[in-house]
Amino acid sequence: MPDPRPVPFRGGGFSPVRIRWAGPAVFALLLALVEWGTRSGWISNLTLPRPSDVAATLADLARSGMLWTHLAPSLTRLAVGSAMGVIAGIGIGIAIGLFSLIRAGLVPLVAALFPIPKIALLPLFVIWFGIDEGSKYALIALGTFTPTVVATYGAVDNVDRTLIRMGQSFGLRWSSIVAKIVLPGALPGILSGLRVSLAIGIILLVAAEMLGAEHGIGAYILEAGSLYDLERLFAGVVILSCLGVATSWGIGVLERRLLRWRS
Amino acid sequence: MELTLDRITHRYGGMAVLQDISLRIPAGEILCIIGPSGCGKSTLLRLLGGLERPDAGQVLQLGDPPQGCLNPLTYVFQDFALLPWRTVAGNISLVLEDHGIRGRAARAIIDDVLGRTRLSGFADAFPRQLSGGMKQRVAIARALAVNPAVLLLDEPLSALDAQTRELLMEDLVALWTRQPFTGVYVTHNLAEAVRLGHRVAVLSRRPGRLREVIGIDTPLADRRPGDAELETLQARLWDMMREEAVAADQELLNA
Ligand SMILES: Nc1ncnc2c1ncn2[C@@H]1O[C@H](COP(=O)(O)OP(=O)(O)OP(=O)(O)O)[C@@H](O)[C@H]1O
Ligand SMILES: [Mg+2]
């Protein structure tokens with residue numbers, strides 16, 4: 001008889017676990033590496049700025065009040081533009097999901113709009129909405145609109161049909177079926193679409209500010225870049241990354257709140 | 001309230017699924033429908049509940065639903081069809097809200113039906129926290145909450161294990177004994193059919209025709225698993241099913 005031995009375990013993985021320390025650890029490790037490289041001369045100052053210098057630049061920016069001067073208009077643009085785009089996108093996405101005629105009419109249009117690099121339309125928006133805030137709002141709105149629409153109607157399509165049949169079999173009103181079965185069922189898909197949309201919104205925000213804005217993170221980065229001031233350039237990039245992390249975190253909170261029934 | 005099927009014929013894209021079915025479903029009785037897979041049992045149930053329209057013939061309703069009946073024809077689905085984002089109580093209140101029943105009135109109904117399905121402690125649980133048998137009991141409680149005139153059950157126990165199925169059958173018998181309801185019960189399981197049916201309708205292979213309707217006189221409450229008379233009946237039903245399967249294979253060979 002051969003010796004008994006335990007059956008090898010091969011069932012792990014494929015289920016995300018929340019690990020809080022890993023994300024910050026990766027950041028810290030990378031920063032420490034660059035800091036060490038620049039200090040030891042292994043990375044030249046022309047390739048990458050020293051992280052501590054970037055931090056000092058950020059601190060200066062905050063102390064002088066210029067951080068807020070640049071951040072406030074950027075945040076407003078992002079909030080207004082993406083709110084318009086996301087609200088319209090969810091509304092139209094749901095309409096496409098619910099009504100065949102609207103689907104037939106609008107899906108090709110959305111497919112045609114989606115691949116256009118929205119930045120290419122900025123000159124057009126400047127003519128339509130003026131050089132000021134209007135054109136920036138429009139750019140961000142259009143940029144967040146298309147991915148939101150696609151994610152939303154996909155989510156509505158994916159709602160379990162047997163649940164809808166159940167609602168009909170109990171004689172629920174159409175509006176109740178939509179509000180109590182279709183929308184909650186589509187919410188997970190809509191929220192994960194929101195992640196993508198808001199990231200695109202940040203990209204377009206910077207692009208719009210680079211093409212004509214006095215204040216804003218984009219303008220700040222553009223100015224730093226044209227002077228080859230790497231510390232300030234990276235300070236701007238750090239702010240953008242923080243913005244990205246903050247929106248993603250916000251959606252995470254929203255998901256845990258609204259989708260508590262899932263886990 | 002009584003339902004009558006009047007020469008129902010139904011086809012899907014040229015394929016006849018049900019052919020010329022006439023059947024009476026008297027009030028206060030459970031009619032079991034058995035038949036080979038794909039013979040149109042689920043389709044028949046959808047036609048009965050008005051979720052689909054027959055191509056020919058009609059489903060007739062005799063008399064009015066009783067007082068206080070919120071949804072005369074009510075389904076219990078094979079896969080439970082509970083909303084995962086609502087609690088047990090929320091899933092039941094879902095079907096009351098549109099009738100303007102909220103708050104204390106809703107609470108009373110929910111407590112009552114949960115009591116009748118032995119789920120009293122689980123009002124605030126989410127479906128994912130329940131076992132399969134409990135989920136189906138929630139679905140039955142939800143169906144009872146609208147005080148249906150006819151319960152339409154499509155293989156309600158086939159997603160469950162044998163023990164749970166046995167327990168739920170006893171639950172259904174107890175529910176019926178306390179307060180007789182009209183039921184149409186589609187199943188693959190011949191043991192369920194002879195335990196729960198006052199009559200058993202046997203459909204032929206596709207296109208489903210009515211092959212035979214067998215009445216069972218033993219009261220539901222007196223039927224036990226292993227009962228000799230029921231076993232004989234079950235064997236007879238099984239012979240019919242086997243004939244249909246053999247004939248279906250033969251048709252495939254000759255086609
Ligand atoms: N919506 C539909 N569109 C097209 N064909 C359908 C549709 N629903 C059912 N059918 C077909 O009709 C036939 C009968 O289907 P039905 O689901 O009623 O059978 P069933 O007797 O309930 O089968 P089972 O015992 O496997 O549940 C099957 O061949 C099925 O493929
Ligand atoms: Mg079926």
Side-chain angles (χ1 to χ4, degrees), chain A residues 11 14-18 90 93-94 97-98 100 151-195 251-263, chain B residues 42 45-52 65 69-88 90-102 124-130 135 138-139 141-156 159:
Chain A
F14 300 103
S15 56
V17 181
R18 246 183 124 196
I90 291 178
I94 288 171
L98 292 178
S100 302
T152 304
Y153 81 71
V156 172
D157 289 349
N158 271 332
V159 174
D160 192 349
R161 295 293 117 172
T162 60
L163 294 182
I164 295 176
R165 267 281 166 91
M166 180 276 293
Q168 291 175 324
S169 79
F170 276 96
L172 264 55
R173 277 194 293 272
W174 184 86
S175 58
S176 294
I177 293 181
V178 172
K180 295 168 188 173
I181 300 178
V182 175
L183 291 189
L187 200 56
I190 294 176
L191 284 178
S192 65
L194 213 56
R195 272 179 203 281
I251 293 172
V253 169
L254 216 59
E255 279 179 338
R256 280 197 292 282
R257 276 276 165 77
L258 296 177
L259 308 180
R260 204 172 299 159
W261 51 270
R262 269 203 310 192
S263 55
Chain B
S42 301
L45 212 58
R46 284 199 296 274
L47 296 172
L48 268 172
L51 288 180
E52 242 171 282
C69 170
L70 301 177
N71 189 46
L73 306 170
T74 298
Y75 283 86
V76 174
F77 297 89
Q78 176 175 1
D79 53 4
F80 323 134
L82 300 176
L83 302 183
W85 48 87
R86 285 191 176 223
T87 59
V88 167
N91 266 288
I92 299 172
S93 107
L94 173 81
V95 300
L96 301 174
E97 287 159 13
D98 274 13
H99 298 281
I101 301 175
R102 288 158 200 280
D124 298 321
F126 280 95
R128 71 181 145 84
Q129 298 167 310
L130 305 178
K135 283 184 203 161
V138 176
R142 176 179 63 189
L144 294 176
V146 293
N147 204 2
V150 182
L151 264 184
L152 304 167
L153 307 106
D154 192 0
E155 306 194 31

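Note that this is a predicted model, so its numbers are computed, not measured.
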Side chain from CB out, backbone as N, CA, C, O: work out which of these in A:Leu259 comes under 4.5 Å of a heavy atom of chain B, or both, or neither. neither
Tell me, yes or no, whether the heavy-atom count around A:Arg161 atom CZ, taken from other residues, nucleotides or ligands under 6.0 Å, exceeds 12. yes
Atom of A:Gly171, atom of B:Asn71 and distance for their closest heavy-atom approach: N-OD1, 4.0 Å
Any sub-3.5 Å donor-acceptor pair from B:Asp98's side-chain atoms to A:Leu172's backbone N or O? no
Quick one: pull up CZ in B:Phe80 and OG1 in A:Thr162 and give me the separation to the nearest 0.5 Å. 11.0 Å
Top of B:Leu70, B:Asp79, B:Leu82, B:Leu94 for chain A proximity - count of heavy-atom pairs under 4.5 angstrom: B:Leu94
Most contact-rich option vs chain A, by heavy-atom pairs under 4.5 angstrom, among B:Thr74, B:Thr87, B:Val95, is B:Val95
Main-chain N/O of A:Lys180 paired to B:Trp85 side chain as donor or acceptor, under 3.5 Å: yes
Where does B:Leu73 contact chain A at under 4.5 Å (heavy atoms): side chain, backbone, both or neither? backbone
Would A:Met166 and B:Leu83 count as a side-chain contact (heavy atoms from CB on, under 4.5 Å) here? Give the steps. CA-CA 10 Å; A:Met166 180 276 293; B:Leu83 302 183; 4.0 Å; yes
Between B:Arg142 and chain A, which part of the residue has a heavy atom less than 4.5 Å away: side chain, backbone, both or neither? both
Counting heavy-atom pairs closer than 4.5 Å to chain A, which one of B:Gly49, B:Pro84, B:Gly50 comes out on top? B:Pro84
Can you tell me how far the CD atom of B:Glu97 sits from the CZ atom of A:Arg173, to the nearest 0.5 Å? 10.0 Å
Heavy-atom distances under 4.5 Å only: say whether B:Tyr75 touches chain A with side chain, backbone, both or neither. both
